[in-house]
Structures are given as structure tokens and as C-alpha cells.
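Structure, as C-alpha cells:
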Amino acid sequence: MRALGLALRFLWIGVAGQMQYRANFVAQLARSLVGLALGLAGLGVVLSNTPVLAGWRARDLLALLGVYTLVGGVIGLFVRPSMQALMRDVHLGRLDFALVLPEDAQLVASVGRVNAWSLFDVALGLGMIGYSALATGHMGILQVLTLVVTLLAGLAVVYSFWLALACSSFWLLKVENVLLVFDDLYEAARWPLSIYPGWLRWALTLLVPVALAVTFPAQTLRGQLGWWQVTGAVAAASVSLWLSRRLWLAGLRRYSGASS
Amino acid sequence: MIALAGVYLAQLRVHLASQLQYRAALLLYQLSAVVEPVVSLAVWSAVASARGGEVRGYAARDFAAYFVVVMVVNHLTRTWTMNEFDSRIAEGTLSLSLLLPAHPIHNDVSDNLASKLITAPVVWALAGVLSVGFGAVFDLSARRVALFALAALLAFVLRFALEWMVALLAFWTTRSSAFNGLYLTALLFLSGQFAPLGVVPVPLREVADLLPFRWMISFPADVLLGRGGVSWALRGLGAQCLWLAVVVMLLAVVWRLGLRRYTAVGS
């Protein structure tokens with residue numbers, strides 16, 4: 001709860017900071033809408049040739065696009081800006097400022113930087129998921145619950161992945177380019193995983209965990225996710241959170257600060 | 001002309017040396033360039049199999065050949081001035097290049113060529129791997145390859161001129177990333193990058209016919225793969241030249257108007 005409050009506080013600071021630049025508001029909104037148009041146009045071109053893609057109907061694909069946009073929005077909101085800042089701070093020794101705060105340093109380093117404009121993407125993603133859920137008709141309370149659980153589990157895994165990459169900068173210098181590769185691979189998550197050749201499916205599941213973050217929650221909207229998969233997602237989230245925490249603590253022990 | 005050749009030689013040497021500093025990063029970027037064609041290819045193979053093996057004359061292996069060639073053409077014709085030009089204006093570094101005796105566009109051209117010289121072998125090797133992996137079949141003849149080389153060269157010049165002009169819009173917009181996003185989206189669908197123009201809905205294709213984008217990416221690929229025959233290829237080359245003339249004239253006008261608006265640090 002305390003963590004959530006802190007995240008909201010930082011979010012508010014980020015929003016307030018960006019509200020100074022009114023003209024940029026229109027440009028950023030336009031950018032989010034262009035992203036939406038891109039996704040919808042892609043769907044439209046594909047669906048003009050076939051009503052069902054690898055077993056996914058139009059509204060399933062829309063839900064998938066919604067989850068893709070939502071997860072991308074959350075990454076853009078907290079994860080990417082904070083982790084990029086963390087890598088720079090480790091270089092420059094500015095991580096000292098996070099370490100001397102009374103809060104847990106991992107928490108501060110993870111939500112301390114915000115790109116408020118990604119809220120547009122979060123809203124667009126939620127809208128698409130909501131629309132697709134309404135089009136499907138009945139959504140039981142259990143299904144909503146599974147959706148929320150798988151979304152949170154997926155976000156936890158993606159967050160841990162970014163934290164692990166950012167923590168590698170305690171040992172290596174200049175890993176920012178690897179993050180660009182993540183962005184490219186994330187593009188692949190806007191389509192059902194089952195259309196990809198085996199090696200890419202494995203890469204998207206194990207190497208870069210976008211499958212878990214995007215495909216699983218979208219599967220719950222189709223009602224095609226069994227209990228063992230939900231349990232597996234929660235287990236994967238717990239393990240990766242624990243592992244990335246160990247890595248963070250190990251990195252901190254190695255960190256020597258700016259003044260030492 | 002001879003003076004300009006000297007300028008290019010010197011600038012190429014500088015850019016080659018400076019880009020070879022970051023070999024690993026350069027390689028990494030090329031590897032991630034594979035993702036986009038593979039995604040398109042997977043999507044369209046799935047569509048083809050949903051329709052019983054073919055989408056309007058394209059079977060899975062035709063899609064494979066198309067997207068592999070489009071990846072190569074896209075690499076050859078890509079430019080990145082659009083991403084940098086607004087900060088050149090904002091930070092005033094444009095003033096420095098205006099002081100040089102050669103037009104600033106030459107520096108961007110040689111930067112582009114240097115990067116292509118280094119990365120082309122990597123991209124071509126990746127294209128080979130993808131062709132084998134996805135079973136792309138090429139039926140090449142000397143005439144087609146010659147026409148392709150000409151079409152790809154014209155496509156590069158046309159795209160460079162057009163995107164340099166789009167970059168110049170930063171004189172008016174100051175921050176150009178939102179507009180660039182719009183341009184890249186239009187390019188993705190109207191150039192045949194996301195799907196061959198033969199399989200997109202008819203209204204979209206009609207719009208694409210009226211715009212220069214398809215001549216910058218899908219046209220050279222179609223020429224190499226022999227879609228449309230020689231007379232169509234010759235007409236296409238004509239369309240490229242026509243668009244090039246239009247864009248270059250516009251570019252000259254926009255450059256002048258833009259420079260008049262430009263207020264550098266200290267003026």
C-alpha cells in the first residue's frame with residue numbers, strides 16, 4: 001500500500017512537471033493516437049483478407065492489441081524512464097541520492113521517474129480491452145479476476161526483466177542498446193504468439209518475457225486460459241521478482257558511489 | 001563536380017572512421033531490423049493458411065521472398081535525418097554546418113552511405129538466412145537484377161530527398177517527433193512495407209498509387225520478383241523520376257523558406 005502511495009505521488013509529480021508544456025500535450029496525444037491508428041490499420045488490412053487469424057477473431061485481436069497498448073503504456077509510464085535513469089545514475093554516482101532516502105531504494109529507483117504522457121496509452125489500452133470485453137458479452141467476475149491477476153503477473157515479469165538489465169550496469173557499462181532490442185521484440189507481441197516460428201516463440205517467452213505479459217492476459221478474454229497457466233504465471237512472477245531483488249542487492253554491494 | 005567528389009571522399013572517410021567506433025551497437029541495430037519482416041511474414045503466412053494457402057496470388061513462400069527483399073530495400077533506402085534535424089535547429093548546431101562551403105545535405109548523404117557500406121554485408125547475410133529459413137524462392141535473371149539495381153538507386157535518392165524535406169519541417173514545428181511518427185505510419189502502409197500492395201484493401205491501394213511512397217520501397221522489390229513485367233517496370237522507373245523531380249523542386253523551395261525562418265544562437 002505504501003509502495004502504491006509512493007508510486008502515485010511520483011506519478012503526480014511527473015504529471016505536474018509535464019503540465020508546464022501545454023503545446024506538447026497536443027503533440028503527445030497525437031503520437032498516442034498515431035500508435036492506435038497504426039495498430040487498427042494493421043488489424044484492418046489483415047482482417048480484410050480473413051475473418052479469423054490462427055483461431056483469433058476480430059475482437060480477440062482487438063483485446064490483444066489493447067493488452068499490448070496497456071502493458072506498453074505501463075512500461076513507458078514507470079519502467080522505462082526509471083530504469084534508464086537508474087543506468088545513468090549508476091554511471092554518474094547519482095544513485096547515492098536514492099540510497100540516502102528513508103524508503104526502500106529499489107522502490108524509489110523503480111518508480112522515481114515518470115513519463116506522464118504514457119497515461120494516454122494506458123487509457124487507450126483499457127478502452128480497447130473494455131470494448132472487446134463488452135463485444136464478447138458476458139464477463140464473469142472470475143474472468144475479470146483472472147485478467148487482473150495475469151496482467152499483474154505479466155507486468156511483474158517484465159519489470160523484473162528490465163530491473164535485471166538495468167542492474168547489469170553495476171558490472172557492465174553501456175547496456176542501454178540492449179533495451180532498444182527489447183522495444184523491437186515487443187513489437188512482435190501485438191500478434192498472436194502461435195503464428196510465429198518456434199525459435200521466435202521461445203525467444204519471446206524465455207529470452208524476453210513479452211509472451212507472458214501480453215498473450216496470457218489476452219487469452220483470458222477469449223476464455224482460453226486454464227488454471228495451471230494462471231498458476232504458472234503467478235509462479236513465474238514470484239520467481240522473477242525474487243531473482244531480480246537478489247540481483248539488485250548484489251549490485252548494490254558492488255556499487256561504490258560517487259564519493260568513495 | 002570534381003570539387004564535390006573531393007568533399008564526398010573526405011566526408012565518407014570521416015563518417016566511416018567515426019561509425020566504426022561503435023561496431024557492436026551497429027550490429028545490434030541490424031539484428032533487431034530482422035524482427036519487423038519476420039513479424040509481417042508470420043502474419044501473412046497465417047492469413048495465407050487461413051485462406052487455404054494463398055492470398056490474392058501470394059502463397060507463403062511468395063510472402064517470404066517479398067518481405068526478405070523489402071527488408072533489403074528498406075535498409076538500402078533508409079534515412080535518419082528526420083530524427084536529428086529538430087535538435088540541430090534547437091541547439092543551433094545547424095549554424096556550424098551552414099558556415100561550411102558545401103550544402104549540409106552532402107554531409108548527411110555521406111553519413112548515410114558510410115553506414116550502409118558497413119552494415120550492408122550484415123543485412124544481406126541476414127536476408128540469406130531468412131530466405132533459407134522461410135523457404136523463399138527467387139527466380140532471377142540478369143535483366144531483372146539490372147532493373148532492380150536501377151530502381152533501388154532511384155528509390156534511395158527519392159526517399160532521401162523526400163525525408164530530408166520532411167526533416168526541414170522542423171523549422172516550423174520545432175519538435176518534430178509527433179509528425180515524424182505520422183509520416184512513418186503512412187510510409188508503413190502506403191509503401192508496401194507491412195503488406196504487399198496487392199493484398200491491401202482497394203481504397204488503400206488507390207491512395208498508394210497517388211503518392212510517392214510505393215516507389216521508395218515496394219517497387220524495387222516487385223521488379224526483382226518479376227511482378228508486372230518489363231514494360232511495367234519501365235513505367236515505374238518513369239514514375240520514380242517524375243516524383244524525384246517534383247520532390248527536389250519542393251525541397252529547394254522549403255529549404256529557402258526554412259532558412260529564412262531560422263534564427264540561430266547569437267543572431
Side-chain angles (χ1 to χ4, degrees), chain A residues 21 23-57 61 117 174-201 203-204 208 210, chain B residues 22 24-36 38-52 54-56 58 64 130 133-135 173-190 192-205:
Chain A
Y21 308 104
N24 206 26
F25 180 88
V26 181
Q28 295 290 343
L29 184 63
R31 184 205 281 250
S32 285
L33 289 176
V34 164
L36 175 73
L38 182 102
L40 291 180
L43 278 188
V45 171
V46 167
L47 291 172
S48 75
N49 281 298
T50 174
V52 178
L53 184 73
W56 293 60
R57 293 156 303 174
L61 290 171
W117 302 113
K174 285 277 169 206
V175 281
E176 278 195 272
N177 287 321
V178 180
L179 295 180
L180 293 176
V181 176
F182 174 88
D183 284 340
D184 275 315
L185 277 174
Y186 187 67
E187 285 283 305
R190 66 167 77 220
W191 299 101
L193 206 60
S194 52
I195 66 170
Y196 294 120
W199 59 270
L200 188 57
R201 229 178 307 167
L204 290 173
V208 184
V210 291
Chain B
Y22 307 102
L26 218 54
L27 208 70
L28 213 57
Y29 289 136
Q30 303 315 317
L31 276 177
S32 61
V34 173
V35 177
E36 196 182 282
V38 168
V39 168
S40 288
L41 182 49
V43 169
W44 289 103
S45 298
V47 175
S49 74
R51 286 171 58 115
E54 217 185 69
V55 189
R56 298 182 214 183
Y58 283 86
L130 285 185
F134 287 95
T173 58
T174 322
R175 283 294 294 272
S176 56
S177 62
F179 187 81
N180 290 349
L182 196 64
Y183 170 83
L184 289 175
T185 308
L187 186 69
L188 188 65
F189 288 99
L190 295 169
Q193 233 181 114
F194 174 70
L197 290 171
V199 306
V200 303
V202 177
L204 193 62
R205 199 183 321 154

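Letters A, B, ... mirror the listed sequences (proteins, then strands); counts begin at 1.
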Residue part contacting chain B, namely of [X], when any heavy atom lies under 4.5 Å:
X         : value
Pro192(A) : neither
Leu53(A)  : side chain
Val45(A)  : both
Leu200(A) : side chain

**Message:** With chain A as the partner, which of Val43(B), Val34(B), Val35(B) has the greatest number of non-hydrogen pairs under 4.5 Å?
**Reply:**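 Max contact count across the listed options: Val43(B).
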**Asked** Top residue by heavy-atom pair count (under 4.5 Å) with chain A, among Ala50(B), Ser45(B), Pro201(B), Gly133(B)?
**Response** Pro201(B)
Heavy-atom contact with chain A under 4.5 Å, split by part of [X]:
X         : value
Leu184(B) : neither
Phe134(B) : side chain
Leu188(B) : side chain
Val199(B) : both
Val55(B)  : side chain

**Prompt:** Most heavy-atom pairs under 4.5 angstrom with chain B, which of Ala41(A), Ala188(A), Ser32(A)?
**Reply:** Ala41(A)
**Prompt:** Any sub-3.5 Å donor-acceptor pair from Arg51(B)'s side-chain atoms to Asn49(A)'s backbone N or O?
**Reply:**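 Present.
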**Prompt:** Is the closest side-chain heavy-atom distance between Tyr183(B) and Val34(A) below 4.5 Å?
**Reply:** no
